[in-house]
There are 2 protein chains.
Amino acid sequence: MIRLSKLTDYAVVVMTAMIQGDGGPHTAISLAERTGLPAPTVSKILKLLARDGLMASHRGATGGYRLARAPDAINVAQIIAAIDGPIALTDCVEGAPGACGVESLCPRRGNWDRVNRAVRGALEGVSLADMARPSFPDPLLPKAAPALPATADAI
Amino acid sequence: MIRLSKLTDYAVVVMTAMIQGDGGPHTAISLAERTGLPAPTVSKILKLLARDGLMASHRGATGGYRLARAPDAINVAQIIAAIDGPIALTDCVEGAPGACGVESLCPRRGNWDRVNRAVRGALEGVSLADMARPSFPDPLLPKAAPALPATADAI
DNA sequence: GCAATCCGGACCAAATCAGTACCCTTTAAG
DNA sequence: CTTAAAGGGTACTGATTTGGTCCGGATTGC
């Protein structure tokens with residue numbers, strides 16, 4: 001499967017938890033308690049999100065984190081980019097020149113970029129507000145099945 | 001970054017190499033020579049592709065592999081599914097129930113599926129024929145830069 | 001001044017993946 | 001019928017990545 005970092009999943013959990021709270025700043029510890037995630041991990045996520053401008057941080061005694069923008073002004077692509085780094089499906093375009101072997105076959109590189117753009121556009125179309133919305137009616141997922149109906153929604 | 005398996009990249013290389021050859025069947029060894037990839041790896045990829053019906057294999061003395069369908073009838077999503085397994089960004093929906101911790105925050109599960117569908121649709125829109133097309137004019141990639149302009153095309 | 005909080009980096013263990021090797025089955029040629 | 005060529009499947013190993021932790025330092029409010 002296309003592995004999306006687990007930290008990115010946690011990031012969405014933390015950010016939705018912030019939405020559901022009051023407007024005040026949230027400390028890393030309080031968010032860890034509310035989400036059930038380990039505190040150091042939450043702290044790491046918040047730092048990454050703040051570095052990319054998705055969070056506004058306030059240091060000092062009564063400090064904490066706040067969302068930098070409204071939930072519908074933050075999309076999934078931005079969150080992924082903050083945690084996992086730039087969205088690129090392959091590492092074909094890297095510093096290592098010898099990895100590609102025969103160069104005559106490598107013009108496909110530009111075409112992977114086409115795929116990257118398509119995926120990026122899809123991810124930009126989903127906002128944090130969409131993710132925070134409580135589970136919506138979905139005919140594919142009759143919510144009574146915590147077992148593993150996962151294979152159904154695969155390609 | 002969103003890690004797409006390196007084997008999937010190789011799969012596209014191998015399949016484009018098959019397109020550029022004549023119509024006859026290709027052996028795993030001949031494809032390995034033409035692509036510069038290690039032979040056992042090519043064999044592994046071909047087996048995976050054949051298992052999902054993307055390749056037609058012919059055993060015996062003069063056997064080999066052929067594309068099961070026309071290049072424009074095969075899309076990237078199918079290749080990824082054959083190599084990396086079903087396309088699912090997160091493993092939130094798994095057999096392990098304890099992993100999620102607080103259940104009250106987990107309704108976002110259905111929303112990840114929305115993201116999955118968006119990505120899947122994007123990948124289905126790119127065919128193998130698109131990938132095999134020799135590098136097309138792309139303003140973002142002024143083909144004279146094998147160094148590492150990779151960060152430019154990131155999100 | 002003191003305490004609470006964020007900031008930045010380094011560090012370690014565990015899971016995952018790429019790659020390889022081996023043996024079996026099938027098929028066609030001689 | 002025999003032989004060789006090719007795919008089919010499984011198991012194993014080394015390396016890379018990732019998730020998670022920890023520590024000292026900087027900053028702000030009380």
Side-chain angles (χ1 to χ4, degrees), chain A residues 1-11 13-14 24-33 35-66 68 80 82-85 88 90-92 94 96 99 101, chain B residues 1-11 13-14 18 24-33 35-66 68 80 82-85 88-92 94 96 99 101:
Chain A
M1 76 166 97
I2 295 188
R3 283 266 324 269
L4 187 61
S5 165
K6 206 185 297 183
L7 289 189
T8 305
D9 191 6
Y10 294 165
V13 176
V14 171
H26 303 262
T27 68
I29 293 179
S30 70
L31 286 171
E33 289 172 353
T35 57
L37 300 173
T41 299
V42 171
S43 177
K44 185 178 191 173
I45 291 171
L46 291 170
K47 275 183 277 190
L48 289 171
L49 292 173
R51 196 189 49 172
D52 269 36
L54 271 64
M55 290 280 183
S57 65
H58 193 202
R59 306 221 273 193
T62 60
Y65 289 94
R66 265 180 305 116
I80 294 175
I83 303 294
D84 283 347
T90 65
D91 39 21
C92 179
E94 288 285 330
Chain B
M1 76 167 95
I2 296 188
R3 283 268 324 269
L4 187 62
S5 165
K6 205 184 298 182
L7 289 188
T8 305
D9 191 7
Y10 294 165
V13 176
V14 170
M18 293 179 73
H26 304 261
T27 68
I29 293 179
S30 69
L31 285 171
E33 289 173 351
T35 57
L37 300 173
T41 299
V42 172
S43 177
K44 186 178 190 175
I45 291 170
L46 290 170
K47 273 182 278 192
L48 288 171
L49 293 173
R51 194 189 51 173
D52 270 35
L54 271 63
M55 290 281 183
S57 66
H58 193 201
R59 306 221 272 191
T62 60
Y65 288 94
R66 263 179 307 115
I80 294 175
I83 303 293
D84 283 346
L89 292 181
T90 65
D91 38 22
C92 179
E94 290 284 329

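All heavy atoms count here, side chains included; hydrogens, waters and symmetry mates do not. Letters go in sequence order (proteins before strands), and every chain restarts at 1. If you're wondering where the values come from, they're calculated on a predicted model, not measured in any experiment.
Using a 4.5 Å heavy-atom cutoff, the side chains of T8(B) and I45(B) are not in contact. In this structure, the side chains of L4(B) and D9(B) stay at 4.5 Å or more apart for every pair of heavy atoms. In this structure the side chain of K44(B) never reaches within 4.5 angstrom of the side chain of P40(B), judged on heavy atoms.
Residue S5(A) places at least one side-chain N or O under 4.0 Å from the OP1 or OP2 atom of dG19(D). Contact annotation: S57(B) reaches the phosphate of dG8(D) (side-chain N/O to OP1 or OP2, under 4.0 Å).
In this structure, L48(A) places its CG atom 12 Å from C1' of dG9(C), rounding to the nearest Å. We find that CE of M55(A) is positioned 15 Å from C1' of dC7(C), with the value rounded to whole Å. Atom CG in D52(B) sits about 17 Å away from atom C1' in dG7(D), given to the nearest Å. Taking atom NE2 on H26(B) and atom C1' on dA6(D), their separation rounds to 15 Å, with Å as the unit. In this entry the distance linking CD1 of I45(A) with P of dG8(C) reads 17 Å, nearest Å.
Shown here are the side chain to side chain donor-acceptor pair (under 3.5 Å) partners of S30(A), two or more places apart in sequence or in another chain: T27(A).
Here A50(A) lies out of heavy-atom contact (under 4.0 Å) with every strand.
Of all non-hydrogen atoms in S5(B) and D84(B), the two that sit nearest each other are CB-OD1, 2.6 Å.
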>> How would you summarise protein contacts on nucleotides 20-30 of chain D per nucleotide, using B for base, S for sugar-phosphate only and - for none, with heavy-atom distances below 4.0 Å?
In response: BS----SBBS-

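From one end of the helix from dG1(C)-dC30(D) to dG30(C)-dC1(D) to the other, with five pairs defining each end axis, the axis direction shifts by 20° (rounded to 10°).
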